[in-house]
Amino acid sequence: MVSELEILIFANWSTLVACMVLKFPQILSVMAAKSAEGVSLQSVLLELSGFLLFLRYQMYYNYPLETYLEYPMLMIQDAVLLMLLFHYTGSIKNALPYAAIFFAAWNILALHRWIIDMAMYLCTAISASSKFVQLQYLWQTQDSGQASALTWALATYTSAGKILNPSHDIFD
């Protein structure tokens, strides 16, 4: 018989591993097609914003690394996807202003405790909005293009894993 602790440990580790490769199917699909069709720039920007906010909050309050370890990995993957979006849409020069905005946001969030606390209230809305914007984009274009069903399936799994164990302490 499998214990509840063993299930939680499996859920934690498998969630971390899934996050390590979450965007790979999407990135590989975009690279193979040499096209970013079907992937919403606004969706990726919102998702990256939510990840940045959550990571900054966790670091600001000195939460243990294992409670947010997947977020730097997700941010790197989103940054790669973002660069591919800019590259394949011929707007690579637009990457610099976005990088500057994200850098400024990272620093502004930590200026005062009330700023990061208030911003954190928006984190779930930002994350949900990123998914809604992507779905809306797919609906409007009627073309999934390079959108990856495997990436969405992995994201659903990792969300369920986090719900199963909200403390998400993988080293317990």
Side-chain angles (χ1 to χ4, degrees), residues 3-27 30 39-86 95-135 147-148 150-172:
S3 73
E4 184 178 328
L5 179 61
E6 290 171 320
I7 292 171
L8 287 176
I9 290 170
F10 173 78
N12 286 334
W13 280 104
S14 63
T15 297
L16 180 62
V17 169
C19 284
M20 291 171 76
V21 298
L22 182 71
K23 295 289 182 168
F24 282 20
Q26 186 77 68
I27 291 167
V30 168
V39 182
S40 165
L41 173 64
Q42 292 80 8
S43 174
V44 177
L45 289 170
L46 280 168
E47 183 175 64
L48 189 55
S49 298
F51 291 160
L52 179 134
L53 173 56
F54 187 81
L55 178 63
R56 188 62 164 150
Y57 181 88
Q58 296 289 312
M59 292 176 74
Y60 183 86
Y61 283 107
N62 295 315
Y63 281 92
L65 178 64
E66 59 271 11
T67 62
Y68 62 87
L69 185 59
E70 69 270 20
Y71 285 88
M73 291 180 250
L74 291 168
M75 289 175 69
I76 290 167
Q77 293 172 69
D78 261 355
V80 169
L81 183 57
L82 197 55
M83 292 305 294
L84 289 170
L85 283 166
F86 286 131
L96 187 58
Y98 284 110
I101 290 168
F102 281 108
F103 178 77
W106 179 265
N107 290 298
I108 290 169
L109 284 169
L111 286 177
H112 296 287
R113 181 180 177 160
W114 67 268
I115 295 173
I116 198 153
D117 288 346
M118 187 184 326
M120 189 59 189
Y121 287 118
L122 301 173
C123 199
T124 300
I126 292 169
S127 179
S129 295
S130 74
K131 306 307 182 248
F132 176 75
V133 167
Q134 178 62 43
L135 290 171
S148 169
L150 182 55
T151 291
W152 280 70
L154 286 170
T156 301
Y157 176 79
T158 60
S159 294
K162 291 173 190 173
I163 290 169
L164 180 64
N165 184 15
S167 71
H168 199 57
D169 188 350
I170 61 173
F171 299 109
D172 271 348

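Every value quoted in this text rests on a predicted model; they were computed, and no experiment measured them.
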| query | Around atom CE of Met73, are there more than 12 heavy atoms of other residues, nucleotides or ligands at under 6.0 Å? | reply | yes
| request: Can you run down the salt bridge (Lys or Arg N to Asp or Glu O under 4.0 Å) pairs that involve residues 75-84, sequence neighbours left out, and say none if there aren't any? | output: Lys23-Asp78
| message | I'd like to know whether Leu84 forms a side-chain contact (heavy atoms from CB on, under 4.5 Å) with Val39, so could you lay out the CA-CA distance, the side-chain angles of the two residues, the decisive distance to 0.1 Å, and finally the verdict. | response | CA-CA 10 Å; Leu84 289 170; Val39 182; over 6 Å; no
| query | Ignoring hydrogens and geometry, is there a side-chain-to-backbone donor-acceptor pair from Gln42 to Val133 under 3.5 Å? | reply | no
| message | Set out, in order, the CA-CA distance, both residues' side-chain angles and the distance that settles side-chain contact (heavy atoms from CB on, under 4.5 Å) for Phe132 and Ser43, then state yes or no. | response | CA-CA 8 Å; Phe132 176 75; Ser43 174; over 6 Å; no
| query | Checking side chain to side chain contact (heavy atoms under 4.5 Å, CB included) against Gln58, which of Leu69, Leu53, Thr67 comes through? | reply | Thr67
| Quick one: does Trp114's side chain get under 4.5 Å of Asp117's, heavy atoms only? | no
| request: Would you sort out whether Phe51 and Ile76 count as a side-chain contact (heavy atoms from CB on, under 4.5 Å), showing the intermediate values? | output: CA-CA 10 Å; Phe51 291 160; Ile76 290 167; over 6 Å; no
| task | Test Leu41 against Leu82 for side-chain contact (heavy atoms from CB on, under 4.5 Å), laying out the working first. | result | CA-CA 7 Å; Leu41 173 64; Leu82 197 55; 3.4 Å; yes
| Who are the ring pair (Phe, Tyr, Trp, His ring centres under 6.0 Å) partners of Tyr61, not counting sequence neighbours? | Tyr57
| message | Which heavy atom of His112 sits nearest to which heavy atom of Tyr60, and what is that distance? | response | C-OH, 4.0 Å
| query | Which heavy atom of Ala125 sits nearest a heavy atom of Ser129, and at what distance? | reply | O-OG, 2.7 Å
| query | Looking at CG of Leu81 and CZ of Phe86, how far apart are the two atoms once the value is rounded to the nearest 0.5 Å? | reply | 10.5 Å
| said: I'd like to know if the side chain of Ser49 reaches the main chain of Leu45, judged simply by a donor and an acceptor atom lying under 3.5 Å from each other, with no hydrogens or angles considered. | reply: yes
| request: Name the orientation class of the two ring planes belonging to Phe54 and Tyr71 (parallel below 30°, tilted from 30 to 60°, perpendicular beyond 60°). | output: tilted
| request: Ignoring hydrogens and angles, tell me if any N or O in the side chain of Gln77 forms a donor-acceptor pair with the backbone of Met20 under 3.5 Å. | output: yes
| Between Cys19 and Leu74, what is the shortest heavy-atom contact and its length? | O-CD2, 3.6 Å
